[in-house]
Asks: 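Handing you a structure now.
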Amino acid sequence: MTYILGVDGGNTKTIALLARQDGTILGAGRGGCGDIYADAGPDGAIAEIERAVLTALASGGAQAADLEFGAYSLAGADWPEDFALFEREMRRLGFGRTIKVVNDALGALWAGAPDGAGVSVVCGTGIAIGARGLDGRIWHGSFWLEPLGANELGHRLLRAVLRAELAIDPPTALTARVLEFYGCEHLEQVLHACTARGATPPNVGRLARVLLDEAARGDPTARRIAIEHGQALGDYALVAARQVGIERVPFTLVLAGGVLRHPGRLLAETLAARVRDVAPDVHVIDSRFEPAVGALFLALESAGVAIDAPLLARLTPTLPSAAFFAT
């Protein structure tokens, strides 16, 4: 039997999906951070990818030697030497007779728009933005992009409540939410926990949900931050479209990642509006599938398999549960 592998490696988690060539998913595995630029370095990232793939193989009753095609959509696949490292390591592990590595923005693009012109904006712990042109040209943002993910939203929230506490800016409902979130009575306690010598700073990325909750409730400070953030993401989406020559033609804008899945739509709507100012014919969609499915589509495409309705009818019922993908 021919087995197909799709892997999505991010800063928070790595997901591997094993499928037959007809699109039926047979196994799935999960690992930790697959980004070679993260604290654990290349060895740690490769180990997490290996763990996810071996788990997927075991759950699907397959061996690495059975893998015909492997596609890897990976955070940290930024520069030529990064692609060379990932490809070398995947070959060493035997994870596909044919191996394709792309930046993690492109897995998300294939998940939402498997064909045609498109731009993907993934906003999770960090961000990834990629594009595909009508001629097949691709581009990913990598280090051209400023930090605009959950971590940056959390830092901006903290700056806003500290400025409000010092009466530089107006009071905000975010202050009470931050105190509740960290279980503190005073903001100075939060500041101390973040900055004291020898302290382990709390994970501020978790505050992104707090900020978007309050933006949805109408807090002016939260709304301002969310709108500025959405506009910045929209600017970079337009950059991606220009890089592959589609900013003046209809294209699909795929929104993905935990931050953009928040039920409060201000951030996503602001992003889309910014893009429509320049590209009024853009078609905006929330990705139907997780980025790991996009990596699987890439592998199937490499195998000459069409991503059509019959394939999706076989793939969709065999997907792992939403909880498996949750961050």
Side-chain angles (χ1 to χ4, degrees), residues 8-15 31-41 44-45 48 73-78 103-105 107-108 120-130 140-163 172 174-175 177-182 184 187 190-196 199-216 219 221-237 255-262 264 266-268 270-271 291 325-327:
D8 174 66
N11 278 280
T12 304
K13 64 183 184 293
T14 297
I15 299 290
C33 174
D35 186 348
I36 57 177
Y37 285 88
D39 291 343
E48 293 301 328
S73 173
L74 304 173
D78 296 305
N103 182 266
D104 58 330
S120 59
V121 178
V122 185
C123 190
T125 304
I127 63 166
I129 295 178
H140 59 267
S142 293
F143 293 106
W144 288 103
L145 310 175
E146 61 190 289
L148 288 169
N151 285 339
E152 180 60 19
L153 279 170
H155 283 298
R156 293 201 63 191
L157 184 157
L158 285 177
R159 285 195 292 271
V161 298
L162 292 174
R163 287 175 63 88
T172 169
L174 292 170
T175 300
R177 290 296 307 277
V178 168
L179 293 174
E180 176 187 7
F181 187 85
Y182 287 118
C184 296
L187 277 178
V190 177
L191 183 60
H192 184 261
C194 292
T195 61
T200 301
N203 180 0
V204 299
R206 295 180 298 160
L207 290 171
R209 178 174 292 276
V210 172
L211 184 138
L212 295 176
D213 286 347
E214 292 307 315
D219 179 77
T221 299
R223 285 183 58 83
R224 172 180 58 79
I225 295 172
I227 288 169
E228 291 173 354
H229 216 79
Q231 290 172 339
L233 287 170
D235 288 340
Y236 281 119
L255 305 183
V259 173
L260 289 173
R261 283 197 294 266
H262 188 277
L266 179 61
L267 180 63
T270 302
L271 189 171
F325 296 101
T327 299

Asks: Side chains of L153 and L157: does their closest heavy-atom pair fall under 4.5 Å?
Replies: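 Contact flag for L153/L157 side chains = no.
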Asks: Counting only pairs under 3.5 Å, give me each side-chain donor-acceptor contact of residues 122-130, with atom names and distances, residues two or more places apart or in other chains.
Replies:
unit_1: T125; atom_1: OG1; unit_2: T12; atom_2: OG1; d: 2.7

Asks: Kindly write out the residues that satisfy side chain to side chain donor-acceptor pair (under 3.5 Å) with D235, not counting sequence neighbours, or none if the list is empty.
Replies: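 D235: side chain to side chain donor-acceptor pair (under 3.5 Å) contacts with R274.
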Asks: Only counting residues at least two apart or in another chain, list the ones meeting salt bridge (charged side-chain N to carboxylate O under 4.0 Å, His left out) with E228.
Replies: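 Salt bridge (charged side-chain N to carboxylate O under 4.0 Å, His left out) list for E228, sorted by chain: R156, R224.
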Asks: Mark yes or no for whether T270, through its side chain, and G230, through its backbone, hold a donor-acceptor pair below 3.5 Å.
Replies: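 Judged by distance alone, no pair lies under 3.5 Å.
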Asks: Could you state the interatomic distance from CG (L255) to CZ (R261), rounded to the nearest 0.5 Å?
Replies: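 Here the interatomic distance stands at 11.0 Å.
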Asks: Report the distance from atom CG of L233 to atom CG of L271, rounding to the nearest 0.5 Å.
Replies: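 Result: 5.0 Å between the selected atoms.
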Asks: Nearest heavy-atom pair of A193 and A199: which atoms, and what distance?
Replies: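 Heavy-atom minimum between the residues: O-CB, 3.6 Å.
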Asks: With side-chain contact (heavy atoms from CB on, under 4.5 Å) as the criterion, how do R177 and D213 come out once you've worked through the C-alpha distance, each side chain's angles and the decisive distance to 0.1 Å?
Replies: CA-CA 10 Å; R177 290 296 307 277; D213 286 347; 3.6 Å; yes
Asks: How close do G32 and T14 get, counting heavy atoms only, and between which atoms?
Replies: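 Answer, listing the atom of G32 first, then T14: O-OG1, 2.7 Å.
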Asks: As an exercise, state the distance from SG of C33 to CG of N11, rounded to the nearest 0.5 Å.
Replies: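 Spacing of SG (C33) from CG (N11) equals 5.0 Å.
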Asks: What closest approach, in Å, do V161 and L187 show between heavy atoms, and which atom pair accounts for it?
Replies: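 Where V161 meets L187 most closely, the heavy atoms are O-CD1, 3.6 Å.
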Asks: Looking only at non-hydrogen atoms, find the nearest pair between A105 and S120 and report the distance.
Replies: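 Here A105 and S120 meet closest at O-OG, 2.7 Å.
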Asks: Restricting to pairs with a member in residues 145-155, which pass salt bridge (Lys or Arg N to Asp or Glu O under 4.0 Å), not counting sequence neighbours?
Replies: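 Non-adjacent pairs meeting salt bridge (Lys or Arg N to Asp or Glu O under 4.0 Å): E152-R159.
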Asks: For residues I36 and G76, report the shortest heavy-atom separation together with the two atoms involved.
Replies: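 Smallest interatomic distance, heavy atoms only, reads CD1-O, 3.6 Å.
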Asks: Can you name the nearest heavy-atom pair linking L207 to F181, along with the distance?
Replies: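 Minimum heavy-atom contact is CD2-CD2, 3.7 Å.
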Asks: side-chain contact (heavy atoms from CB on, under 4.5 Å) with R163: which residues, sequence neighbours excluded?
Replies: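 Once residues adjacent in sequence are excluded, the partners of R163 under the side-chain contact (heavy atoms from CB on, under 4.5 Å) criterion are I168, D169.
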Asks: What residues form a side-chain contact (heavy atoms from CB on, under 4.5 Å) with C194, not counting sequence neighbours?
Replies: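 Partners of C194 under the side-chain contact (heavy atoms from CB on, under 4.5 Å) test: L158, V190, P202.
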Asks: With no hydrogens and no angle check, do the side chains of H140 and D104 hold a donor and an acceptor under 3.5 Å apart?
Replies: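 No.
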Asks: Could I get the full list of side-chain contact (heavy atoms from CB on, under 4.5 Å) partners for R223, not counting sequence neighbours?
Replies: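 Counting only residues at least two positions away or on another chain, R223 forms a side-chain contact (heavy atoms from CB on, under 4.5 Å) with A215, I227, L266.
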Asks: List the steps, then state whether side-chain contact (heavy atoms from CB on, under 4.5 Å) holds for N203 with N151.
Replies: CA-CA 8 Å; N203 180 0; N151 285 339; 3.8 Å; yes
Asks: Among residues at least two apart in sequence or on other chains, which ones pass salt bridge (charged side-chain N to carboxylate O under 4.0 Å, His left out) with D78?
Replies: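 D78 satisfies salt bridge (charged side-chain N to carboxylate O under 4.0 Å, His left out) with no other residue.
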Asks: Could you state the interatomic distance from CD1 (I225) to CG (L211), rounded to the nearest 0.5 Å?
Replies: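 Rounded to the nearest 0.5 Å, the CD1-CG separation comes out at 5.0 Å.
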Asks: Using side-chain contact (heavy atoms from CB on, under 4.5 Å) as the criterion, list what pairs up with A216, not counting sequence neighbours.
Replies: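 Checked A216 against side-chain contact (heavy atoms from CB on, under 4.5 Å); zero matches.
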Asks: How would you list, by chain and number, every residue that makes a side chain to side chain donor-acceptor pair (under 3.5 Å) with Y37, sequence neighbours excluded?
Replies: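 Y37 satisfies side chain to side chain donor-acceptor pair (under 3.5 Å) with D82 only.
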